[in-house]
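Order of appearance sets the numbers: ligands from 1, and atoms from 1 within every ligand.
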Amino acid sequence: MSMYFDYAATTPLHPKALEAMMPFLTDNFANPSSAYTPAREARKAIDAARKQVACAIGAQPEEIFFVGSGTEADNWAIYGILEAQKKKGNHMIISAVEHHGVLYTCRHLEKQGYGVTYLPVDSEGFVSPEAVRGAIQPDTVLVSVILANNEVGTIQPLKAISEITKAAGIPLHTDAVQAVGHIPVDVNALGVDVLSMSAHKFYGPKGIGAQYIRKGTPILPLLRGGAQERGRRAGTEDVAGIVGMATALTVATKEIAAEASRLTGLRDRLINELLSIPHTRLNGSRDNRLPGNVNVSFSFIEGESLLLHLDMQGCQASTGSACSSGALEPSHVLTAMGISHELTNGAIRFSLGRDTTEDDIIKLVEIVTKSVGRLRELSPLYDDYLKKG
Ligand SMILES: *Cc1c(COP(=O)(O)O)cnc(C)c1O
């Protein structure tokens, strides 16, 4: 039985993606920029992959650029759009609930003298389009709002936001890493100018991503060197990665409606069962959230302790805030949603995916219920609460 509940962190490689990648990991190792037959085959495979990725998000193939990761795509969007409009201004607007790939890049630039407005969110994590309008200044050159949040799964009203940025003539970037392959994403329906994605979040390989760039968007390259990706992203192409990404996305897109509805059913069942544990809170929106995302806070206990407890029982989940430093910094996403420090510490994310079954959910609920009970028995906070009544 699969006890993996961390699909938002990464997903296993789809067997079809691996199969498509194999020739480029073995026999055909040619550099696609070379002039002989195997190189031309590699080039052809990249061209086909570009078409597949474009098709999955309603873009033109010329608007797709392969990059090394979702993080690179986020960094490129911010640096590239700012640099291209240096003469126009140095102010950007981002939501307070961005992934670190956007958030830390902007915080860094703020220290270098750029202006950043962090848009507040409501208690479910939604950005208000009117707040975007209100934050626009004459020197604003970029708006970046994450499409679907990686911690709480909230899906933002990008369409309404893009109507405002379009009218103001400001490029709109969205980090769509959690959305692509999981919910329908169409760049024209959303009206975004730049969109970032990452293969390993939709059953593709790690270390490969793509950037959608609408024709005419002001953006300079992040990486300079060779003429790969039509001069906009230097570096020898990861042919296998690109082919694996396109294959995984094509499979995910084909199954998107059925899989989203299956996962939504499992998600809602898990939410309901977990909320029947006393002093439990759902973080994020009840309905407008990613099909596979469940994020709950258990009062009186630490999410980190619960994680360790679950791990010992073979269950893999996450606190949602990647505490890569090991320092237990409270999640900026939950904090921006106005959630108390105690509940932020008690938050835990279960993300469901392709191999999650109803049986897994039943088993998980059993294990979590027991673990929360045990940890509360040991919790001085809970003890205080019981004494005070
Ligand atoms: C995983 C993730 C990223 C980073 O993608 P990598 O390919 O791992 O660098 C960026 N944004 C969001 C929302 C993510 O979930």
Subset of ligand 1 atoms that lie under 4.0 Å from at least one heavy atom of [X]:
| X | value |
| --- | --- |
| I146 | 13 (C) |
| D74 | 10 (C), 11 (N) |
| S69 | 7 (O), 9 (O) |
| Q178 | 13 (C), 14 (C), 15 (O) |

Worksheet item: Under a 4.5 Å cut-off applied to non-hydrogen side-chain atoms, are R289 and L282 in contact?
Response: yes

Discussion item. Looking at T264 and A260, would you say the former's side chain and the latter's main chain have a donor-acceptor pair under 3.5 Å?
Written reply: yes

Worksheet entry | Main-chain N/O of D268 paired to N272 side chain as donor or acceptor, under 3.5 Å | yes

Fill in: Whether F5 and F350 hold their rings parallel, tilted or perpendicular, with breakpoints at 30° and 60°
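Judged by the thresholds at 30° and 60°, the geometry between F5 and F350 is perpendicular.
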
Please write down residue, atom name and distance for the protein heavy atom closest to [atom].
| atom | answer |
| --- | --- |
| atom 7 (O) of ligand 1 | S198 OG, 2.7 Å |
| atom 11 (N) of ligand 1 | D175 OD2, 2.6 Å |
| atom 12 (C) of ligand 1 | H99 CD2, 3.3 Å |
| atom 2 (C) of ligand 1 | K201 NZ, 2.5 Å |
| atom 5 (O) of ligand 1 | G70 CA, 3.5 Å |
| atom 4 (C) of ligand 1 | T71 OG1, 3.5 Å |
| atom 8 (O) of ligand 1 | H200 NE2, 2.8 Å |

Discussion item. With rounding to the nearest 0.5 angstrom, report the CD to CG distance, E72 to D74.
Written reply: 10.5 Å

Worksheet item: Do Q137 and T140 meet the criterion of a side-chain donor-acceptor pair at a distance under 3.5 Å?
Response: no

Fill in: Pair Y385-H279, ring pair (Phe, Tyr, Trp, His ring centres under 6.0 Å): steps then yes or no
CA-CA 11 Å; Y385 167 81; H279 311 292; 4.9 Å; yes

Discussion item. Quick test of your reading of the model: are E62 and R230 salt-bridged, counting only N-O distances below 4.0 Å?
Written reply: no

